[in-house]
2 protein chains.
Amino acid sequence: MAMMPVIKQNLSDNIKHDLKKYILDMDLKESAKLPPEVEIGRKFGVSRVTVRRALDELEQENLIFRIHGRGTFVNPEAAAIKISLNPAQEFGHLIELGGYEAQIKLISQETINRGAMGQGTVNQETMGQGASHRMKKHCRNLQVEEGARLYRIEKVYYADGHPAIVCIDYMPRELFQQEPSEDEWSSMSSFELLRRYAGRLLCRDRVEILTMTREEMGSVTDSALLMECQSVLELDNLAYDQDNQPVISANAFFDTKYIRYNLLRSQEHY
Amino acid sequence: MAMMPVIKQNLSDNIKHDLKKYILDMDLKESAKLPPEVEIGRKFGVSRVTVRRALDELEQENLIFRIHGRGTFVNPEAAAIKISLNPAQEFGHLIELGGYEAQIKLISQETINRGAMGQGTVNQETMGQGASHRMKKHCRNLQVEEGARLYRIEKVYYADGHPAIVCIDYMPRELFQQEPSEDEWSSMSSFELLRRYAGRLLCRDRVEILTMTREEMGSVTDSALLMECQSVLELDNLAYDQDNQPVISANAFFDTKYIRYNLLRSQEHY
DNA sequence: TCCGATTTGTACGTATGTATT
DNA sequence: AAATACATACGTACAAATCGG
């Protein structure tokens, strides 16, 4: 039986969560000011230091900002954002956040033998011209040896029936202690499958941001033909588990008409 | 004389800065482990709490990660990233970080009268079909009244001679206590001009991520013709000053062949 | 298996400084 | 000038995870 890693919670995380709810329930038109730190502490029964820790994190996420001597205020921009690039989120959820009805379709699920590449594997026929180069990159990303096998999962996410995201995940097969069923591949996210069958919890990832035309996307996957847009956003993704081991290498393609990523940033001061 | 806002520094910011240098000078192949927190504190002459605060921020930026009971480690991915989407950075600097020689060209600098839109202003001839809609959005972003005047600055950033970024900035003219000279428009960033002549310090911004084909970009600016790529990344940007007032609304277009944005993210756990 | 040393995680209390009203 | 509220920093205590013997 796989050990299922759990997410730890602490006091300031709870406060943070409660404050987040409090903030989103606030009527911003009336006032965007939060209660003083000591008062929040009294309300939740914790010290000011713990409150400050929660506020520090919310400030770093740009949900609030603080003015010395005046108080803590909700960032109205943050409240308006529906889809944020950070933190990473499940794609189906993303589509719903955008106000659309999400529908997920599993295009293919196969096991790829990296060592046998280009020598007549089952899936060679599905590989385009630039595909070999991409495969090499995924293998390098995942730090797999020659001959290691990879799962390849391709899914399309629809927003109100329109194709909004095409996602191709690669995961080392050796991580899995048990093979998921056909139904599970289709209904569960890679995140969830890794947690259940490999005991791996995704903690962080690195994203590279690219663009391409639909034609260029066609050299990566036939699903490009489904897209209704002329240009797509590509997010190349490498995700790490709790031990900092790479576990998913992915290419995701977005129609920015349906997926409008936003990001709150702080400014670099030198 | 404009008051020039300065950036405050505190103890943990200093430690953070020193640690960052220490990290980048480390030989990651040998060991990615940092000294224990108490030892760092001794070395810098501060308490463990202050060290932890600096480490907290570095961890939130994903430059390091910590393992309970084992230690603090450098994130090897972070060291490999050249161009990060967060925090915001000056575009010329960005191009140099990518290993190219940067060259900046001011395409145009003009003052736009919002109230007179569509009634025969100086620049109407340069406005395409979707431009009016874009102008409205910039005005809404900047919260300017009817009749307020806006600066419009268009620049092209070259990487080794190739057009890599086209950026169009809009700023309320009323913020400026003094009109920058022709030379200053060309040589200084909007960030710098706002600081010197408006006493505004950019603190945070919101970015919206879109894509378009070069043809579609042509309806926004003629500079699209310069681009060598078929699809561009568009970052729509709204920047706020230290008082949370919007000061720059911008459209930036990127050739992702030259500007490869990366981003380190944490994972959303529900 | 257990113990102790090390190291990070969490939380509280306190003191002082500084900006705003 | 006083009150309020956030900012910074130190010290302390104990909890929890890891690792070696």
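Contact check, R66(A) against dA7(D): a side-chain N or O comes under 4.0 Å of OP1 or OP2. Contact annotation: T72(B) side-chain N/O to dT7(C) OP1/OP2 distance is not under 4.0 Å. An OP1 or OP2 oxygen of dC10(D) is reached within less than 4.0 angstrom by a side-chain nitrogen or oxygen of T50(B).
Distance, R70(A) CZ to dT18(C) C1': 15 Å, rounded to whole Å. As rounded to whole Å, 11 Å separates atom C1' of dG9(C) from atom CD of E59(B). In this structure, N10(B) places its CG atom 14 Å from P of dA19(C), rounding to the nearest Å. To the nearest angstrom, C1' of dG9(C) lies 13 Å from CD of E57(A). If you take CG of L11(B) and C1' of dA7(D), they are 12 Å apart, rounded to a whole angstrom. Rounded to a whole Å, the CD atom of Q242(A) is 14 Å from the C1' atom of dA17(D). R52(B) places its CZ atom 15 Å from the C1' atom of dG11(D), with the value rounded to the nearest Å. Between the CZ atom of R53(B) and the P atom of dT10(C) there is a distance of 17 Å, given to the nearest Å.
Of the charged side-chain nitrogens involved, none lies within less than 4.0 Å of a carboxylate oxygen, so that R149(B) and E174(B) do not count as a salt-bridged pair.
Checking dC10(D), dC6(D), dC12(C) against the side-chain heavy atoms of V49(B) singles out dC10(D) as nearest.
Aromatic rings from F254(A) and Y261(A) are positioned such that their centres are separated by under 6.0 Å. Taking the six-membered ring for Trp and the full ring otherwise, the centers of Y197(B) and F176(B) sit at least 6.0 Å from each other. Checked against a 6.0 Å centroid threshold, the rings of F44(A) and Y22(A) do not count as neighbours.
Among the atoms of the strands shown, none is found under 4.0 Å from any heavy atom of V38(B).
With a cut-off of 3.5 Å on both Watson-Crick or G-U wobble distances, the partner of dA1(D) is given as none.
Position along DNA chain C of the nearest nucleotide to S47(A) versus I67(A) favours S47(A) as the more 5'-ward residue.
Using a 4.5 Å cut-off on side-chain heavy atoms (C-beta onward), Y240(B) and C203(B) make no contact.
Looking at H68(A), its side chain has no donor and acceptor atom pair within 3.5 Å of the base of dA7(D). For dA7(D), the base has a donor-acceptor partner in the side chain of R48(A) [N/O atoms by modelled type, under 3.5 angstrom].
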